[in-house]
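To keep things clear, I will list the structure first and then write my remarks on it.
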Amino acid sequence: MIDLAALRLDPDAVRRSQQVRGESVELVDEVLAADVARRAAVGVFEALRTEQKSLGALVAKAQGDEKQAILAQTKTLSDQVKLAESQLRDLDAALENLVLGLSNIVALGVPVGGEDDFVVLREVGERRDFSAEGFTVRDHVELGEFIGAIDIERGAKVSGSRFYYLTGPGAMLELALVQLAMTTAQANGFQPMIPPALVKPAAMEGTGFLGQAAENVYRLEADDLYLVGTAEVPLAAYHMDEILDLASMPKRYVAFSPCFRREAGSHGKDTRGIFRVHWFDKVEMFSFCPVAEAEEEHLRLLGYEEAFLQALEIPYRVIDVATGDLGSSASRKFDCEAWIPSQERYREVTSTSNCTTFQSRRLRIRGREESGISPIATLNGTLCAVTRTIVALFENHQQADGSIKVPAALRPFLGGAEYFQVK
RNA sequence: GGAGACGUCGCAUAGUCCGGUCGAGUGCGCCUCACUGCUAAUGAGGUAAGGAGUCAAAUCCUUCGGAGGUUCAAAUCCUCUCGUCUCCGCCA
């Protein structure tokens, strides 16, 4: 939710932001009109209520006839107050509804445009030349079968399309990746967390996933709970309705959690393998920090993501995501895209967003500073999305015989193994 | 799943039976000032959030887990709901 007071002061800034996102500009004017209407209703209600309260105080003191006279007066007033209150409530809800429809204000410098208008910030790592090495690239599905790490057929048998089993070395690899991610993050000052993957509507709404992204969220009708698509949700909502001490910030958390995504609207996309699945596990970083430090924090999260990919010796590039592809909560977003040899292109493996105060306003998370109490910034970043990391790792480290080299950083978590051998 | 107790301003609690003077007392914590060579101790004052309003104030409104209801009036009465705790049952 954006800052209504700021919108009042500078509606053009919001109009511009909506425009470059390709979203409704008229909504800004609807919000302004609803705001004026609401404030008028507040005035009416408060005047009536003040009168009611002062008469009420007289009732308490008065006796006999005098009391009866006041009671008669106050009865009609009571009806008026009730009416004014319900009108105010309606206008409040209407305004709230409209404001929630506005996306976060895009940060300065974000490339303008759609999905393909990102800017490449850098390419890191060396892409292997497999033809020079004298063999044909295999994709992760084939490699996973060779070493007995992924069973997609049985995943489909048991759970349907876009499900899989990690088996043997695949299962152990997930744990190794998670261990590496969690331990490095902890060393970097993040508090490890294992959060609930099932959350109440308030948490889902607060993080902004029931807007544009709603169709991709699993909902449990019988219990009115949602399956999270990322640990960002329970981490952001962790401090819901709290006022954080300035001295305690930035608060940094790293969580391991399953992620569930309906993948509605992506039929036919990435149907092979485990690149796009309905469920995967992920290690996610999350920061609560003062607004003034948010940009710096964003680069820090990006740095950790890059360091992780470097540790796995996976070539990647970093892109500055364009305005039209940000998602409603982010003011800026950087994606790390790993090189996928079988596809001969870069694909998203991690992503970090600066949500400024957008989420914290919805979740009522504030910080107490010298200057007073104000919303704080929230930021999130993927440290390791397990399935996509496995895809990139298998493909980039494959050997001519179908075995896969284990990057040095992972070996301590895999009993020192240097290769996943063909079974 | 069954039985019971409880949810009040950072923490701990009073107030709820008998509705109005309770947005709410007390202790602790915290802040300011005074006293003291420093600290401690002591004394005085202050100390919830959101909204309307204002240049800023003053002032006003809302909120006593949440949602409804009764009433001229609700922390207080009624209903539902969520959460916590205790006991019993069941269970990874």
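The basis for the numbers below is simple: all heavy atoms, side chains too, and nothing from hydrogens, waters or symmetry mates. Chain identifiers are assigned alphabetically (A, B, ...) following the order of the sequence lines, protein sequences preceding nucleic acid strands; residue numbering begins at 1 within each chain. Owing to the predicted nature of the structure, the values given are computational and were not obtained by experimental measurement.
Atom-to-atom, CD of A/Glu85 to C1' of B/C72 comes out at 15 Å; the value is rounded to the nearest Å. Atom pair A/Leu77:CG and B/A73:C1' shows a separation of 11 Å (rounding to whole Å applied). Between the CZ atom of A/Arg89 and the C1' atom of B/A67 there is a distance of 10 Å, rounded to whole Å. Rounded to whole angstrom, the span from the CG atom of A/Leu55 across to the P atom of B/U71 amounts to 19 Å. Separating the CG atom of A/Asp223 from the C1' atom of B/C82 is a distance of 14 Å, rounded to the nearest angstrom. In this structure, A/Asp92 atom CG and B/U62 atom C1' are separated by 10 Å, rounded to whole Å.
Annotation: cation-pi pair A/Arg388/A/Phe275 present, NZ/CZ under 6.0 Å from the ring centroid and within 45° of its normal.
With both pairing distances under 3.5 Å, B/C64 is matched to nothing as a Watson-Crick or G-U wobble pair. Across all strands shown, B/G45 forms a Watson-Crick or G-U wobble pair with B/C31, both key distances being under 3.5 Å. When both distances must be under 3.5 Å, the Watson-Crick or G-U wobble mate of B/U16 does not exist. Partner assigned to B/U70 is none, using Watson-Crick or G-U wobble distances below 3.5 angstrom. Across all strands shown, B/A3 pairs with B/U86; the Watson-Crick or G-U wobble distances both stay below 3.5 Å. Remark: B/U21 base-pairs with no nucleotide in the shown strands. Criterion, Watson-Crick or G-U wobble with two distances under 3.5 Å. Across the strands present, B/A75 finds no partner; the criterion is a Watson-Crick or G-U wobble pair with both atom distances under 3.5 angstrom. Base pairing annotation: B/G53 forms no Watson-Crick or G-U wobble pair, as no partner gives both donor-acceptor distances under 3.5 Å.
The only member of A/Tyr253, A/Phe256, A/Phe288, A/Tyr304 that meets ring pair (Phe, Tyr, Trp, His ring centres under 6.0 Å) when paired with A/Phe190 is A/Tyr304. Test A/Thr230, A/Thr389, A/Thr387 against A/Lys282 for side-chain hydrogen bond (donor to acceptor under 3.5 Å, both in side chains) and you get one pass: A/Thr230.
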Summary of protein contacts for nucleotides 46-61 of chain B, nucleotide by nucleotide, where a base hit scores B, a sugar-phosphate-only hit scores S (4.0 Å, heavy atoms): ---SSBSS------BB
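Checked for salt-bridge contact, A/Asp92 and A/Arg38 meet the test: a charged N lies under 4.0 Å from a carboxylate O. Taking a cutoff of 4.0 Å between a charged side-chain nitrogen and a carboxylate oxygen, A/Arg300 and A/Glu297 qualify as a salt bridge. Look at A/Asp12 and A/Arg15 and you find a salt bridge, because one of the NZ, NE, NH1 or NH2 atoms lies within 4.0 Å of a carboxylate O, short of that distance.
Side-chain N/O atoms of A/Lys82 include none lying less than 4.0 angstrom from OP1 or OP2 on B/G69. Applying the 4.0 Å criterion to OP1 and OP2 of B/C72, one finds that A/Thr76 has every side-chain N and O outside that range.
Comparing B/G23 with B/A75, their P atoms sit 7 Å apart, to the nearest whole Å. Nucleotides B/U26 and B/A44 are separated by 12 Å at their P atoms, to the nearest Å. Using atom C1' as the reference point in both B/G37 and B/G29, the two lie 28 Å apart (nearest Å).
The ring-ring contact (aromatic ring centres under 6.0 Å, His included) search around A/Phe334 returns A/His298, not counting sequence neighbours.
Residue whose closest nucleotide on RNA chain B sits further toward the 5' end, between A/Gln52 and A/Lys200: A/Gln52.
Sorted by first and then second residue, the salt bridge (charged side-chain N to carboxylate O under 4.0 Å, His left out) pairs with a member in residues 347-361 of chain A read A/Asp3-A/Arg361, A/Asp270-A/Arg347; sequence neighbours excluded.
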